[in-house]
Novice: 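Before we start, here is the structure in question, set down as structure tokens.
What you see is a predicted model; the values in this text were computed from it and never measured. Atoms within each ligand, like the ligands themselves, are counted from 1 in listed order.
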Amino acid sequence: MDKFVIRGGNPLVGTIRVSGAKNAALPAMAASILTEEPVILENIPDVRDIETERRLLVSMGAEVELGYGRAHHRTTLCCRKLVNPEAAYELVKTMRASTLVLGPLVARMGRARVSLPGGCAIGARPIDLHIKGLEALGARITQDHGYIEASAERLKGGSIFFDKITVTGTEDLMMAAVLAEGETVMENCACEPEVSDLAALLNKMGARIQGAGTPTIRIQGVDKLHGARHRIIPDRIEAGTFVIAGALTGGDLMVAHCEPAHLGALLEKLQQCGVNIRTNGDSVRVIGEGPFAACDMATQEFPGFPTDMQAQYMALATQAEGISIITENIFENRFMHAQELVRMGANIRVEGPRAIVRGKTPLSGAAVQCSDLRASASLVIAALVADGETILDRVYHIDRGYERIEEKLRSVGAQIRRIGEMFPRRAAAS
Ligand code: EPZ
């Protein structure tokens, strides 16, 4: 299992490039199920979850070509001959977003067998709202041996109200409704930029979707979709991670190829903390001068403060003067990083959905363990400012969603290296 060895103390200086968004690329790849024609996606991040999605689609009979060299970050998908509408437990257990194939499979094939994802480090994360929505579109759903079986001759347009705002739930049912008979109205939808990006792709494929990015989405079903070419939006969470790293290391960092408008709540909060930030076109410049002031923060659905930036913000709060109260409103168990930060010298007390962080406390290098994707990013940031050497174990978590983070950070001055076998290169496209 790979580890990172990080020696703290170096300011990050220079330009760091943001990759495409994992959470936009995954639903976009699933959307290719909805047509027999090729779908070409650009700006696909080279991360482990994309490889899992490729294997999932290939296991159904799809042809998926992940680009190399000049075509790196471009993917061509063709689901002309889907033979096995199933998402097996072996794949779903490694990546919950595999459940995003449920809606497209029922819409295109009339049936789907998808493993229930099971528990997750950050919370229970059920998919009951996906199922309820599919039933509202006329699907018959049974559960058997850990699998959801869904079927429908043709889905029928209907109205869906989400009891809770769900990102992949909105995406899954949007993909189901585009081939349904008649109109579907979805309310209390997620407004994340990734949802809008998926709708943009689907509309290029011939779908008729209005209102994506707002709480109410209207979808006029069509009989057939065609192929399309689409560029995936930049990864706002990767961009946010680098902005906080730049601020904390006292550097002068240009985070480029991102979409500052997608980072609104985060940048506003960081400016409240006294971080010097300038946005310009597709980049954010952060000049880490310090000291930073402690500010309370509560995670919310977009356009609120993203839960996927909570852990990284906690690392900043350990270096801010005063008490920061961090409230996690989206997931019930998303403070696994807190105890690892305490091992590095932070002063954090977790009380249910709140973490009370007292700063500023000096951090010292230690052996720490990654527990999930964003917790890992928080530990990398803390290690960049800690005294001495930190050894991060289980970095396979970070490889799931950050493209070669150690190379990117080293290119702007970080002392970070990977030990162990680099995550296995993608098997030659089979
Ligand atoms: C997406 O997960 C992201 N993943 C997550 O990013 C992100 O943390 C999350 O949205 C919130 O922003 C992808 O897009 C692939 P939800 P998702 O459904 O869709 C509850 C990362 O680090 N809920 O919006 O699975 C759920 O338990 C990952 O990149 C139900 O109760 O999250 C949670 O409390 C981690 N029933 C809340 O809703 C359902 O059927 C929001 O979850 C669905 C969700």
Novice: Of the side chain and backbone of T168, name the one, both, or neither that has a heavy atom under 4.0 Å from an atom of ligand 1.
Specialist: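 For T168, the contact with ligand 1 is made by both the backbone and the side chain.
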
Novice: Can you pull out the closest protein heavy atom to atom 38 (O) of ligand 1? Residue, atom name and distance to 0.1 Å, please.
Specialist: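 The answer is K164 CD, 3.7 Å.
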
Novice: CG/L57 to SG/C78 distance, rounded to the nearest 0.5 angstrom?
Specialist: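 So the CG of L57 and the SG of C78 are separated by 11.5 Å.
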
Novice: Would you say E403 and H73 are linked by a side-chain donor-acceptor pair, where the criterion is simply a distance under 3.5 Å?
Specialist: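 A pair is found: one side chain offers a donor N or O, the other an acceptor, under 3.5 Å apart.
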
Novice: Among I381, T249, I16, exactly one meets side-chain contact (heavy atoms from CB on, under 4.5 Å) together with L409. Which residue is that?
Specialist: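 For L409, the side-chain contact (heavy atoms from CB on, under 4.5 Å) check succeeds only for I16.
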
Novice: Considering only non-hydrogen protein atoms, determine which one is nearest to atom 1 (C) of ligand 1 and report residue, atom name and distance to 0.1 Å.
Specialist: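 For atom 1 (C) of ligand 1, the nearest protein heavy atom comes out as V167 CB, 3.9 Å.
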
Novice: If we only consider heavy atoms of G123, is any one of them less than 4.0 Å away from an atom in ligand 1?
Specialist: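 Distance cut 4.0 Å: G123 fails for ligand 1.
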
Novice: Is a donor on one side and an acceptor on the other found under 3.5 Å between the side chain of S378 and the backbone of A311?
Specialist: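 Side chain of S378 to backbone of A311: a pair is present.
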
Novice: Is there a side-chain contact between R54 and L66 in this structure, where contact means two heavy atoms from C-beta onward sitting under 4.5 Å apart?
Specialist: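 In contact.
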
Novice: Would you say L270 and L316 make side-chain contact, with heavy atoms under 4.5 Å?
Specialist: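 Sidechains of L316 and L270: in contact.
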
Novice: How does L100 reach ligand 1, if at all, at less than 4.0 Å between non-hydrogen atoms: by side chain, backbone, both, or neither?
Specialist: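 The answer is neither; L100 stays 4.0 Å or more away.
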
Novice: For E332, is at least one N or O under 3.5 Å away from an N or O on ligand 1?
Specialist: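 Looking only at distances, the answer is no, because the N/O contact criterion of under 3.5 Å is not met.
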
Novice: Going by distance only, is there an N or O of T166 that falls short of 3.5 Å from an N or O of ligand 1?
Specialist: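 Yes.
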
Novice: Classify the side-chain pair H130/D172 by whether it contains a donor and acceptor separated by less than 3.5 Å.
Specialist: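 A pair is found: one side chain offers a donor N or O, the other an acceptor, under 3.5 Å apart.
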
Novice: Among protein heavy atoms, which lies nearest atom 39 (C) of ligand 1, and at what distance?
Specialist: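 Among all protein heavy atoms, the one nearest atom 39 (C) of ligand 1 is P126 O, 3.0 Å.
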
Novice: Which of the atoms in ligand 1, numbered in the order shown and given with their element, are less than 4.0 Å from a heavy-atom of K22?
Specialist: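 Listed by number with element, the hits are 21 (C), 29 (O).
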
Novice: Is I232 close to E42 at the side-chain level, that is, under 4.5 Å between some pair of heavy atoms?
Specialist: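 No, their side chains stay 4.5 Å or more apart.
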
Novice: Which part of A97 is near ligand 1, with near meaning a heavy atom under 4.0 Å away: side chain, backbone, both or neither?
Specialist: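 Looking at A97 and ligand 1, just side chain atoms fall under 4.0 Å.
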
Novice: Do N329 and P353 come close enough that some side-chain heavy atom pair is under 4.5 Å?
Specialist: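 With C-beta onward as the side chain, the pair stays apart.
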
Novice: Considering residues at least two apart in sequence or located in another chain, which fulfil the ring pair (Phe, Tyr, Trp, His ring centres under 6.0 Å) criterion with Y313?
Specialist: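 Partners of Y313 under the ring pair (Phe, Tyr, Trp, His ring centres under 6.0 Å) test: F305.
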
Novice: Any idea which part of R125 is under 4.0 Å from ligand 1, heavy-atom wise: side chain, backbone, both or neither?
Specialist: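 For R125, backbone and side-chain atoms both sit under 4.0 Å from ligand 1.
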
Novice: If we set the cut-off at 4.0 Å for heavy atoms, which region of L373 has an atom near ligand 1: side chain, backbone, both, or neither?
Specialist: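 The side chain, only.
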
Novice: What I want to know is whether L26 and ligand 1 share at least one N or O pair that is separated by under 3.5 angstrom.
Specialist: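 No; every N/O pair is 3.5 Å or more apart.
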
Novice: Judging by distance only, is a nitrogen or oxygen of N23 under 3.5 angstrom from one on ligand 1?
Specialist: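 Yes, there is a polar N/O contact under 3.5 Å.
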
Novice: Taking C-beta and beyond as the side chain, do M29 and L41 meet within less than 4.5 Å on heavy atoms?
Specialist: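 A side-chain contact exists here, since the closest heavy-atom pair is under 4.5 Å.
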
Novice: If you draw the axis of the six-membered ring of F4, does the NZ or CZ of R418 fall within 45° of it and under 6.0 Å from the ring centre?
Specialist: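 So R418 doesn't make the cation-pi contact.
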
Novice: Check R111 with E149, please: is the shortest side-chain N to carboxylate O separation under 4.0 Å?
Specialist: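 No, E149 and R111 are not salt-bridged.
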
Novice: Under 4.0 Å from a heavy atom of I127: which atoms of ligand 1 are those, numbered in the order shown and with their elements?
Specialist: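 Going through ligand 1 atom by atom, the ones under 4.0 Å from I127 are 39 (C), 40 (O).
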
Novice: Ligand 1 versus R334, non-hydrogen atoms closer than 4.0 Å: side chain, backbone, both, neither?
Specialist: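 The answer is the side chain of R334.
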
Novice: Between H130 and ligand 1, which part of the residue brings a heavy atom under 4.0 Å of the ligand: side chain, backbone, both or neither?
Specialist: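 Near ligand 1, H130 shows its backbone as well as its side chain.
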
Novice: In ligand 1, which numbered atoms sit nearer than 4.0 Å to a non-hydrogen atom of I330?
Specialist: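 In order of numbering, the contacting atoms are 33 (C), 34 (O), 41 (C).
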
Novice: Counting only N and O atoms by type, is there a donor-acceptor contact under 3.5 Å from the side chain of R404 to the main-chain atoms of V47?
Specialist: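 Here the side-chain-to-backbone pair does not exist.
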
Novice: With nothing but distance in play, are any N or O atoms of F331 less than 3.5 Å from an N or O of ligand 1?
Specialist: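 Checking ligand 1 against F331, no N or O pair falls under 3.5 Å apart.
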
Novice: Have a look at I237, T299, I165, T170 and point out the one with the heavy atom closest to atom 41 (C) of ligand 1.
Specialist: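 Looking at heavy atoms only, I165 sits closest to atom 41 (C) of ligand 1.
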
Novice: So is there a nitrogen or oxygen of I122 less than 3.5 Å from a nitrogen or oxygen in ligand 1?
Specialist: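 No, I122 has no N/O under 3.5 Å of an N/O on ligand 1.
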
Novice: Which residue holds the protein heavy atom closest to atom 8 (O) of ligand 1, what is that atom called, and what is the gap in Å?
Specialist: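 Result: D308 OD1, 2.6 Å.
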
Novice: Heavy atoms only, cut-off 4.0 Å: how does D128 contact ligand 1, side chain, backbone, both, or neither?
Specialist: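 Contact part for D128 vs ligand 1: both backbone and side chain.
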
Novice: Side chain of Q310, backbone of R334: donor and acceptor closer than 3.5 Å?
Specialist: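 Indeed, once roles are kept as given, a pair shorter than 3.5 Å links the two residues.
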
Novice: Which atoms of ligand 1 sit under 4.0 Å from any heavy atom of T307?
Specialist: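 Reading through ligand 1 atom by atom, the close ones are 8 (O), 11 (C), 12 (O).
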
Novice: Closest non-hydrogen protein atom to atom 40 (O) of ligand 1, residue and atom name please, with distance?
Specialist: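 Nearest protein contact, heavy atoms only, for atom 40 (O) of ligand 1 is L129 N, 2.8 Å.
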
Novice: How far is atom 29 (O) of ligand 1 from its nearest protein heavy atom, and which residue and atom is that?
Specialist: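 In this structure, atom 29 (O) of ligand 1 has R374 NH2, 2.8 Å as its nearest protein heavy atom.
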
